[in-house]
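Letters go in sequence order (proteins before strands), and every chain restarts at 1.
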2 protein chains.
Amino acid sequence: MIFKQTDLAKMPQRYRAHFINSLSGFKSANLIGSVNHAGITNLSVVSSVVHLGADPALLGFINRPHTVARDTLDNIYATGYFSVNHIGQDFFQQAHQASARYPAEISEFSAVGLTEQYTGLPCPYVAQSAIKLGLQFKQKIDIELNHTVMIIGQIVEVIVPENSIEADGKVGIETQNSVCVSGLDEYHTTHSLGRLAYAKAT
Amino acid sequence: MIFKQTDLAKMPQRYRAHFINSLSGFKSANLIGSVNHAGITNLSVVSSVVHLGADPALLGFINRPHTVARDTLDNIYATGYFSVNHIGQDFFQQAHQASARYPAEISEFSAVGLTEQYTGLPCPYVAQSAIKLGLQFKQKIDIELNHTVMIIGQIVEVIVPENSIEADGKVGIETQNSVCVSGLDEYHTTHSLGRLAYAKAT
């Protein structure tokens, strides 16, 4: 079945949102942790975290400036730091609840029942998360085409279970029960098909 | 186990690449299809496709300008179009092989045994892929921090099986056997935990 641009334009807004959000493939499922100068913590569910490079270790994520995640952006600009926490199979429902529009004075941590954890950086980690990253804010890139922004951070701290690290450095995120997401609201566990050798032209 | 920035800096390059590439979470697994003016087609494996917005329907992906995927960039700049094709469980090994460094005059389609499909756009689709998107190139954003680029395209064509579309517009990409990837080389099928209701503050 083929949909052309005019077919996409005719879709009702909500239908199109579900449809288009499914098309990029499976997405990472993360909670972004941040805090404001008054000490009120914030969590937002983000499915757009993308690897930018390993040296320096950079991640980006996409955000609309004026949606639920606005507190996140304000906090990141104010403190210069944020955390990225993998959503795990055993708390994905609580994590999803953090996508609700809570007022700025309510911390999603207490609202959804997740636990703050600190190491010294000015951003809260999610204690329930097996894999947690602390990032220093580096750059905001405005995407004029649709008024979104890409926030780029450098990984300055990584918290992972020691037994998750394979001999060559790969972290077994499946063994840590990290989940992925498709579309706006479907969560998935994974089953490994195995690792493939570095591909060479033959 | 906590790794600080200095620990990351001390890692051997290949070890750090495996480590850092695992940290963003599960990634979409796509083949980008393109063609040059001489008619030579190209496929590259991309795990950084990210949803940017539904209206207009925009996707982005991250690329290093001078790696194996350089042909892809040259083709996109030349023709203004590219395709995004979900990697499926039944051909993920062939797809991975497309990441090898073939010379520009060799098409990855024939090198790895995948089939070109056309609808009229100046970019080849992968016939074996259940979910295929045709995109018009919109913008290149230079990420100065590490000399990568984000390529942004607008979805102008969507090819999906009719029975994959749910009543509210969501596409069941798990039912179509799309896979995801972790780190540089591990592929995964998925198992749905279900869809969650739109979260509301209570």
### Any pair counted as salt bridge (charged side-chain N to carboxylate O under 4.0 Å, His left out), so long as it reaches residues 189-202 of chain B, sequence neighbours left out
A:D185-B:R195, B:E166-B:R195, B:D168-B:R195

Would you mind checking which part of [X] comes under 4.5 Å of any heavy atom in chain B, side chain (CB onward), backbone (N, CA, C, O), both or neither?
| X | result |
| --- | --- |
| A:I141 | side chain |
| A:A29 | neither |
| A:A9 | neither |
| A:L8 | side chain |
| A:M11 | neither |
| A:V181 | neither |
| A:L23 | both |

For chain A, the option from [options] that forms the most heavy-atom pairs under 4.5 Å:
| options | answer |
| --- | --- |
| B:L145, B:I152, B:V45 | B:L145 |
| B:V156, B:T119, B:V49 | B:V156 |
| B:I20, B:N30, B:V158 | B:V158 |
| B:G194, B:G172, B:G53 | B:G194 |

#### Entry: Side-chain donor-acceptor contact under 3.5 Å, B:Y118 with B:E116
yes

### Message
Distance alone, cut at 3.5 Å: any donor-acceptor contact between the side chains of A:S44 and A:E108?
### Response
no

### Query
Is the count of non-hydrogen atoms from other residues, nucleotides or ligands lying under 6.0 Å from A:E105 atom CD greater than 12?
yes

Contact summary for [X] and [Y], nearest pair of heavy atoms:
| X | Y | result |
| --- | --- | --- |
| B:I173 | A:S182 | CD1-CB, 3.8 Å |
| B:S129 | B:K132 | O-NZ, 2.6 Å |
| A:F61 | A:I76 | CZ-CD1, 3.9 Å |

Do [X] and [Y] make a side-chain contact, defined as non-hydrogen atoms from C-beta onward lying under 4.5 Å apart?
| X | Y | result |
| --- | --- | --- |
| B:I155 | B:Q136 | no |
| B:K10 | B:F3 | no |
| A:Y187 | A:C180 | no |

Quick one: which of [options] has the most heavy-atom pairs under 4.5 Å with chain B, could you say?
| options | result |
| --- | --- |
| A:K4, A:E144, A:R16, A:H188 | A:H188 |
| A:V50, A:L133, A:I131, A:N21 | A:N21 |
| A:Q5, A:H51, A:E174 | A:H51 |
| A:L52, A:L58, A:V112 | A:L52 |
| A:L59, A:I106, A:I165 | A:I165 |
| A:G25, A:P12, A:A17, A:S22 | A:S22 |

Backbone N or O of [Y] within a donor-acceptor pair of the [X] side chain at under 3.5 Å?
| X | Y | answer |
| --- | --- | --- |
| B:E186 | A:L193 | no |
| A:K27 | A:G183 | yes |
| A:H96 | B:A197 | yes |

## Note on the structure
Cut-off 4.5 Å, heavy atoms of chain A, and the answer for B:V179 is both

### Message
Against A:N42, only a single residue in A:T72, A:D74, A:V35 fulfils side-chain contact (heavy atoms from CB on, under 4.5 Å); can you say which?
### Response
A:T72

### Query
Among A:S107, A:S110, A:S34, which one satisfies side chain to side chain donor-acceptor pair (under 3.5 Å) with A:T41?
A:S107

#### Entry: Neighbourhood of chain B inside residues 81-92 of chain A, taking heavy atoms under 4.5 Å as contact
A:H86, A:Q89, A:F92

